[in-house]
Enquirer: 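Here it is, the structure in full.
These values consider heavy atoms only, across backbone and side chains, with no hydrogens, waters or symmetry-generated copies. Count residues from 1 along the sequence.
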Amino acid sequence: MNYERPFRYDPKNNDSHVMAFQPWQVSPRIGFAFHEMRARMSVGQAEEQGARMAHLGGAAAGLVSVSTSCKEPENASFSELLAEAETVEIDKNIARITRLRKSLGVAAKCLHNLGDRNQRVWMLTLTYAGSNRQWHARHISQFLDGLRKWHYSRTGSKKVRYVWAAELQERGVIHYHVICWLDHALTPPKPDRPWRNRDGWQPPMWRHGMSNRLESTAPVAYIMKYASKIESKNIGGFPRGARIHGCGGLDVVGRGIRRWVMWPAYVQGNADCSERWRPAKGGGYENASTGEILLAEFAPTGGGFTRFARVRRHPRQIDAAGPFNWFNPLDADASMRPVFH
C-alpha cells in the first residue's frame with residue numbers, strides 16, 4: 001500500500017478517483033502512523049469505509065479495527081487523530097542515560113557474583129592531561145587491550161571482568177572510571193606507569209594523561225554513583241561519537257540477563273533471558289533462533305523519532321518483574337511452565 005498517496009473519499013464528489021494531498025503525506029513514516037490511527041474505527045464505520053473503498057476498487061478484505069473517536073476518521077485531520085491516539089515522547093538523551101544505568105547496574109552485579117569471596121576489586125580512573133581535542137574513541141579500547149595483556153601475563157587468561165563509565169569533569173573534559181574484578185593475589189599496575197612481563201618492560205596502558213588506582217569494597221555503588229552524575233543537561237558535552245559505558249567478562253547467564261533487561265517491555269513479557277531476540281529489519285524484534293517476529297507497539301509520527309503513537313498491543317505471556325527462565329523438563333506445554341524470578 002502506498003501511504004504517501006492515500007485516497008480521501010468525498011461523498012459529494014462523484015470524481016472520487018482524484019487524489020487528495022496534505023503536507024504530512026510527504027513522509028512515509030507519518031503516513032504509516034496516520035493509516036494505523038485511521039484504522040481505529042468502530043465496526044460500523046469500518047463497514048461503511050469498506051463500502052466506500054470497494055466503490056474505488058481498492059477495498060481490503062478482513063480488516064476490522066476499533067476507534068475511540070466520535071469524529072469521522074475520513075474527515076479528521078492528522079493532528080486531530082494524533083491528539084486522540086496514545087502517544088509517547090522520548091528524549092534521546094534521557095533514553096541514552098537510562099540504557100547506561102540499566103546496563104552498568106546489571107553487569108556490575110553479575111560480574112561481582114561471578115567471583116569468589118576473597119576476590120579483589122579495583123577502581124581505576126583514566127584522565128586526559130589536555131582537552132577533548134586529544135580524545136579518540138580507540139583510547140579506552142587500547143587501555144582494555146593492555147589490561148587483558150597484563151592479565152594474560154599473570155594468569156594465562158585474557159578474560160577480565162570489568163565495567164567502565166565515562167564522565168565529564170568540571171572542566172568539561174571526558175575521563176573514565178573502570179572497575180575490574182581480579183583474583184585475591186593480583187594487583188593491577190597503575191595505568192599510566194610501565195609494567196613488566198617475561199619479555200621485559202611494557203608501555204603504560206594509559207598514555208594520555210594521569211591515572212589513579214584504589215581498591216574497592218562496594219564496586220556496584222561506586223560505578224552507579226558516577227552513572228548518576230550523567231544527566232540529560234550535560235550528556236551533550238561528550239565528544240561526538242564517544243561511547244559512555246561498557247563491560248566485559250560476563251558468562252552466558254550474565255549476558256542473557258543483561259540482554260533481557262535492555263529489551264522493551266513487550267519483548268520482556270514474551271521472552272526469557274536465555275533467548276536471543278534482536279532488532280528486526282523495519283522495526284520490532286526477531287527471535288534469532290526461531291525467526292519469530294514481534295512488531296513494535298509504537299510507530300514514529302515524524303519529527304526526528306521523538307514522538308510515537310501506539311499502533312498495537314501485544315499480549316504478555318507473563319507479567320515479568322525481572323529476568324526469568326522457562327523451566328519444564330517434563331511437560332512441553334508452555335502454559336504449565338514454572339517461572340523463576
Enquirer: Using the salt bridge (charged side-chain N to carboxylate O under 4.0 Å, His left out) criterion, which residues pair with Glu292? Sequence neighbours excluded.
Expert: none

Enquirer: Is there a side-chain contact between Glu86 and Phe298, using heavy atoms and a 4.5 Å cut-off?
Expert: yes

Enquirer: Quick one, Met224 and Leu104 - any side-chain contact, counting heavy atoms below 4.5 Å?
Expert: yes

Enquirer: Show every side chain to side chain donor-acceptor pair (under 3.5 Å) that has at least one partner inside residues 142-151, sequence neighbours left out.
Expert: Asp145-Arg148, Arg148-Tyr162, Lys149-Gln202, His151-Thr155

Enquirer: Keeping the roles fixed (side chain from Arg312, backbone from Arg310), state whether a donor-acceptor pair exists under 3.5 Å.
Expert: no

Enquirer: When rounded to the nearest 0.5 angstrom, what is the spacing between CD1 in Ile97 and CG in Asp91?
Expert: 8.0 Å

Enquirer: Mind checking what makes side-chain contact (heavy atoms from CB on, under 4.5 Å) contact with Cys110, not counting sequence neighbours?
Expert: Val106, Leu250, Ile257

Enquirer: Is there a side-chain contact between Trp164 and Cys247 (heavy atoms, below 4.5 Å)?
Expert: no

Enquirer: Quick one: does any side-chain atom of Arg161 pair with a main-chain N or O of Leu111 as donor and acceptor, under 3.5 Å?
Expert: yes

Enquirer: Please find the pair of heavy atoms, one from Ala165 and one from Ile223, that lie closest to each other, and give the distance.
Expert: CB-CD1, 4.0 Å

Enquirer: Indicate the atoms forming the closest heavy-atom contact of Pro219 with Val121, along with that distance.
Expert: CB-CG1, 3.5 Å

Enquirer: Below 4.5 Å, heavy atoms only, C-beta onward: do Phe238 and Ile230 meet side chain to side chain?
Expert: yes

Enquirer: Taking atom NZ of Lys229 as the centre, report whether more than 12 heavy atoms of other residues, nucleotides or ligands fall under 6.0 Å from it.
Expert: yes

Enquirer: Does some side-chain heavy atom of Leu214 sit less than 4.5 Å from a side-chain heavy atom of Thr125?
Expert: no

Enquirer: Below 4.0 angstrom, N of the basic side chain to O of the carboxylate: do Glu297 and Arg313 qualify?
Expert: no

Enquirer: Give a yes or no on whether the backbone of Ile318 and the side-chain of Arg316 come within a donor-acceptor separation of less than 3.5 Å.
Expert: no

Enquirer: Grab the two heavy atoms, one from His184 and one from Asn118, that are nearest each other, plus how far apart they are.
Expert: CB-O, 2.8 Å

Enquirer: Please check this pair: side chain of His314 against backbone of Leu295, looking for a donor-acceptor N/O pair closer than 3.5 Å.
Expert: yes

Enquirer: Looking at residues at least two apart in the chain, or sitting in another chain, which of them share a side-chain hydrogen bond (donor to acceptor under 3.5 Å, both in side chains) with Thr127?
Expert: none

Enquirer: Is the closest side-chain heavy-atom distance between Leu124 and Ser211 below 4.5 Å?
Expert: no

Enquirer: Rounded to the nearest 0.5 Å, what separation is found between the CZ atom of Arg207 and the CE atom of Met205?
Expert: 11.0 Å

Enquirer: Mark yes when over 12 heavy atoms from residues, nucleotides or ligands other than Lys109 sit less than 6.0 Å from its NZ; otherwise mark no.
Expert: no

Enquirer: About how many Å separate CD of Glu275 and CG of Asn287, when rounded to the nearest 0.5 Å?
Expert: 5.5 Å

Enquirer: Minimum heavy-atom separation for Ala271 to Trp263, with atom names?
Expert: CB-CZ3, 3.9 Å

Enquirer: By the definition side-chain hydrogen bond (donor to acceptor under 3.5 Å, both in side chains), identify the one residue from Gln169, Arg133, His139, His208 that meets it with Tyr128.
Expert: His139

Enquirer: Go through the steps to decide whether Ser289 and Arg276 satisfy the test side-chain hydrogen bond (donor to acceptor under 3.5 Å, both in side chains), and finish with yes or no.
Expert: CA-CA 7 Å; Ser289 301; Arg276 297 187 63 86; over 6 Å; no

Enquirer: Could you check Ile140 against Arg243 for side chain to side chain contact (heavy atoms under 4.5 Å, CB included), going step by step and ending with a plain yes or no?
Expert: CA-CA 9 Å; Ile140 184 64; Arg243 291 181 58 203; 5.9 Å; no

Enquirer: Do you know the tightest heavy-atom contact between Lys159 and Gly249?
Expert: CE-O, 3.4 Å

Enquirer: For Ala95, what residues pass the side-chain contact (heavy atoms from CB on, under 4.5 Å) criterion, not counting sequence neighbours?
Expert: Ile90, Arg99

Enquirer: Do Pro188 and Trp195 have side chains that approach each other closer than 4.5 Å (heavy atoms only, starting at C-beta)?
Expert: no

Enquirer: Using a 3.5 Å distance criterion without hydrogens, assess whether the side chain of Gln268 forms a donor-acceptor pair with backbone atoms of Trp260.
Expert: yes

Enquirer: Between atom CZ of Arg307 and atom CD of Glu89, what is the distance when rounded to the nearest 0.5 Å?
Expert: 5.5 Å

Enquirer: When rounded to the nearest 0.5 angstrom, what distance separates CG in Leu168 from CG in Asn132?
Expert: 7.0 Å

Enquirer: Measuring only between side-chain heavy atoms, which start at C-beta, is Trp326 closer than 4.5 Å to Gln317?
Expert: yes

Enquirer: Nearest 0.5 Å, what's the CZ-OG distance between Arg196 and Ser153?
Expert: 12.0 Å

Enquirer: Pairs under 3.5 angstrom only: tabulate donor-acceptor contacts from the side chains of residues 172-183 to other protein residues two or more places apart or in another chain.
Expert:
from, atom 1, to, atom 2, distance (Å)
His175, NE2, Glu167, OE1, 2.9
His175, NE2, His177, NE2, 3.4
Tyr176, OH, Trp135, NE1, 2.9
His177, ND1, Tyr222, OH, 3.2
His177, NE2, Glu167, OE1, 2.7
Trp181, NE1, His112, ND1, 2.9

Enquirer: What is the minimum heavy-atom distance between Arg171 and Ala129, and which atoms define it?
Expert: NH1-O, 4.2 Å

